[in-house]
Every structure is written in structure tokens, then in C-alpha cells.
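Shown next, in C-alpha cells, is the structure this report addresses.
As the structure is a computational prediction, the values presented were derived from the model and not from experiment.
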Amino acid sequence: MTGFGNTGNLPLAVVGSVCHTKDNPFGKHCNTRGVAYVSFAQWVAVILVYTLVYHMMEPPMEYYEIVEEGAVTEIEEQRRALNDISRPLLVEAEWPGMEDKETEHSKTPFIARVFKSISGISSSAIPDLEIMAERDDGNNSPRSIRCLAEPKVVRRIRIVAEQTPLQHILQPPTIASLLAIIIGTVPQLKALFFGYDAPFSFITDSLEILGGAMVPSVMLILGGMLAEGPNESRLGLRTTIGIVVARLLVLPVLGIGIVALSNKLNFLVENDAMFRFVLLLQYTSPSAILLGAIASLRGYAVSEASALLFWQHVFALFSLSFYIVIYFRIIEYI
């Protein structure tokens, strides 16, 4: 919740608002450059969330207590009811049908099962994921015997990679961003879609009209998701305050230092203030709402993620405005 901020919808709204004024410090191509940089960051963040963060947010082993067979149904119903309380706040508006995308191992201690020797837990309580990963989809026959012996660490990494829900990465925004990068980098394809006499210019004109309504619609959805307020969370007050302070106050200061150092090392686009501004926004925005979807997918800590998202977005009204003013003053020097 601290490390992964909102890289898509909220920065798009900020860029659109900043570029709306005539005296903005980013020039006449402010909005075009800003949307391009934010769109690129968005699909990269989605890939990281559904690979790295998906496994980082795995429930701990204590979550899978061993119970009698008759009590399993009752505990599962209690957990499902707990998750359903905060599901509309986190998922339903922006990620409808997320509960239908649960994979076979999304609610099992997969990483711990593969990389740790679990003592005190019977094999019947937790499925043998290594054996399941070695079998074909749809039948129980083992895969063909490999010619060379596979190292144990490599085999475990391969199993984790096979059980990562890569199919969730192919969301419409991600596909659109990748197609835009391909079309924009190939001059022949770009000439087909952009320009006064382009054969498919009607497609870009239609998408531009739809894009104009996208940011206001997203803000309405975000407001509706946060209108219910935080649900019951088992996080303590210190933990909640610590995460909010780290995400909204400490990380922006670190971001200024990192961007300034990158500029000194000539890692950034030269004389492009918008590029630096978007980089700084990545450190300033609250946690990504997609983290709530991952928590719901995992079936663990959904209420805690909901509460953190709520408080971060509330206090981001003040911290984001404060740091944007600072960025405008120092953007020429970093």
C-alpha cells in the first residue's frame, strides 16, 4: 500500500487540470505529452501489480488454520461475508466481476507452500501445488519427462510464474496503451490514424471524444467508491497513520531527491518539464485502487485495504495540492 501509487486515473485528472490553464509551465504540448507519459506508466504498473504485488499480498500461513471438516463451511461463509462488506467499495465500480476472476490458487498459501517447508500442516489441508503444476490442464497425466534435471530453485520459480494470473494483465487500458505505442513508433501505421487526410482518422476522432469524458467519469466512480467510508479494519491507528504519512508525505520528498539525482546523471529526457512532473506525481498520489482488487482476489485484508484507500484519498486532497505547488516552483531546477 505504500510502494504502489495511483499511476493512471488520478495523474490523468491532475495533468488535465494543470494543462487547462494557459500559463502552465509545460508549454503548448502539455496535455499531449502528459497523457502519453501517464499512459505508459499505467500499463507498466498493471504488469507489476499482477505479478510482483499479487504474490506480495498472499495471506500469511496463520490465515489457514486447521479446523474440523464440519467447521470449514461456517468459517468460509464468515470470511466471504467479511469480504462482501467492502467489495462494493473496492471492486465493483471500477473492476466489475473481480470475484469471478479468482484463480485456483488465489486463496491458497502458494508462495509459502512452494518455497518453505510447512510443518504442522497436513497435506490434505493444503493442496500439493507442485504436483498440480506438473500436470496438464484438463487431465491427470504427468507432463513429459524433461531431458535434463531441473534445479530445485529454477523449478520453484517456474511453478510460481505458471501460477501468476497473467491473463488479468490484458485489461482494456493495457491493451490500448500497447497498441498506441506500436502505432506511434511505426511511421506507416501512424500515418493511417493521425493526420488530416488519414484513412482511419475517424477512429482517433471518436476515441478523442470518448477520452474527453473519461476523466470526469472516473472521478465520479472514485467518489462513489469512497462515499461509503472506511469499513471495519483490524489495523491499528499507528499502522494506519504510518502508512498514510509514508505514502503522502515521506515518499514525495524521496521522489524529489530521486528525480533530481536522475537528472544529474542524465537519465531523464532533456528539457522536458512534463516528464519530470509525471515522475514526481508517481510518488505523490495515494495507493492504487487496483491493490484493493488484488486484496479481494486474494480474499484477505479486504477491509484493511478499503480503510487505507479511503484515508489516503481523503488526505491526498491536501498533500497533493501542497506538493504540486512545490513542484511548480522547483521543476526548473531538477
Side-chain angles (χ1 to χ4, degrees), residues 5-47 49-50 88 90-98 168-227 269 272-275 277-282 284-286 288-290 292-293 313 316-317 320-321 324:
N6 192 318
T7 60
N9 298 332
L10 195 57
L12 277 178
V14 174
V15 167
S17 178
V18 167
C19 297
H20 184 69
T21 58
K22 295 182 180 179
D23 55 346
N24 69 80
F26 306 111
K28 61 179 181 179
H29 299 295
C30 172
N31 191 72
T32 303
R33 288 180 176 271
V35 170
Y37 293 145
V38 172
S39 300
F40 187 88
Q42 186 176 19
W43 73 267
V44 175
V46 168
I47 292 177
V49 167
Y50 275 115
L90 290 170
V91 182
E92 288 301 323
E94 190 164 341
W95 299 90
M98 178 56 70
H168 296 343
I169 295 175
L170 300 178
Q171 301 287 343
T174 310
I175 297 175
S177 299
L178 293 175
L179 288 177
I181 292 173
I182 295 173
I183 293 173
T185 52
V186 180
Q188 292 80 5
L189 292 177
K190 187 176 181 180
L192 293 176
F193 291 91
F194 295 94
Y196 182 77
D197 297 328
F200 300 106
S201 60
F202 66 93
I203 296 179
T204 54
D205 292 341
S206 302
L207 292 177
E208 186 175 356
I209 294 173
L210 292 174
M214 180 264 185
V215 172
S217 301
V218 168
M219 292 299 102
L220 288 174
I221 292 174
L222 178 61
M225 294 173 70
L226 300 177
V269 179
D272 193 339
M274 176 54 72
F275 185 76
F277 181 69
V278 172
L279 287 178
L280 292 170
L281 277 182
Q282 311 298 323
T284 315
S285 60
I289 298 177
L290 186 55
H313 280 80
L317 294 173
L320 193 58
S321 303
I324 286 177

Return the minimal non-hydrogen interatomic distance between [X] and [Y], and the atom names on each side.
{"X": "Cys19", "Y": "Met274", "result": "SG-CE, 3.8 Å"}
{"X": "Ala41", "Y": "Gln282", "result": "CB-NE2, 4.1 Å"}
{"X": "Val35", "Y": "Ser39", "result": "O-OG, 2.7 Å"}
{"X": "Ser285", "Y": "Leu10", "result": "CB-CD2, 4.2 Å"}
{"X": "Ala288", "Y": "Gly5", "result": "CB-O, 3.5 Å"}

> Less than 4.5 Å apart, any side-chain heavy atom of Pro11 and any of Val278?
Replying inline: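 A side-chain contact is absent here, since even the closest heavy-atom pair is not under 4.5 Å.
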> Side chains of Thr7 and Val38: closer than 4.5 Å at any heavy-atom pair?
Replying inline: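 Of all side-chain heavy-atom pairs linking Val38 with Thr7, none is under 4.5 Å.
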Distance-only, no hydrogens or angles: does the [X] side chain make a donor-acceptor pair with backbone N or O of [Y] under 3.5 Å?
{"X": "Ser206", "Y": "Phe202", "result": "yes"}
{"X": "Thr185", "Y": "Ile182", "result": "yes"}
{"X": "Ser201", "Y": "Ala198", "result": "yes"}

To the closest 0.5 Å, what do you measure between [atom1] ([X]) and [atom2] ([Y])?
{"X": "Leu12", "Y": "Leu281", "atom1": "CG", "atom2": "CG", "answer": "10.5 Å"}
{"X": "Asp205", "Y": "Phe194", "atom1": "CG", "atom2": "CZ", "answer": "10.0 Å"}
{"X": "Leu192", "Y": "Thr204", "atom1": "CG", "atom2": "OG1", "answer": "11.0 Å"}
{"X": "Asn6", "Y": "Ile289", "atom1": "CG", "atom2": "CD1", "answer": "6.0 Å"}

>> Suppose the criterion is salt bridge (Lys or Arg N to Asp or Glu O under 4.0 Å): which pairs have a residue in residues 33-47, not counting sequence neighbours?
In response: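 Every pair satisfying salt bridge (Lys or Arg N to Asp or Glu O under 4.0 Å) with a residue in residues 33-47: Arg33-Asp272.
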> Once the angle between the rings of Phe26 and Phe277 is folded into 0 to 90°, is it parallel (under 30°), tilted (30 to 60°) or perpendicular (over 60°)?
Replying inline: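 Tilted: the ring planes of Phe26 and Phe277 meet at 30° to 60°.
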> Which class fits the ring pair Trp43 and Phe40: parallel under 30°, tilted 30 to 60°, perpendicular over 60°?
Replying inline: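 Answer is perpendicular, since the angle exceeds 60°.
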>> For Leu279 and Tyr37: C-alpha separation, side-chain torsions, deciding distance, then whether side chain to side chain contact (heavy atoms under 4.5 Å, CB included) applies.
In response: CA-CA 9 Å; Leu279 287 178; Tyr37 293 145; over 6 Å; no
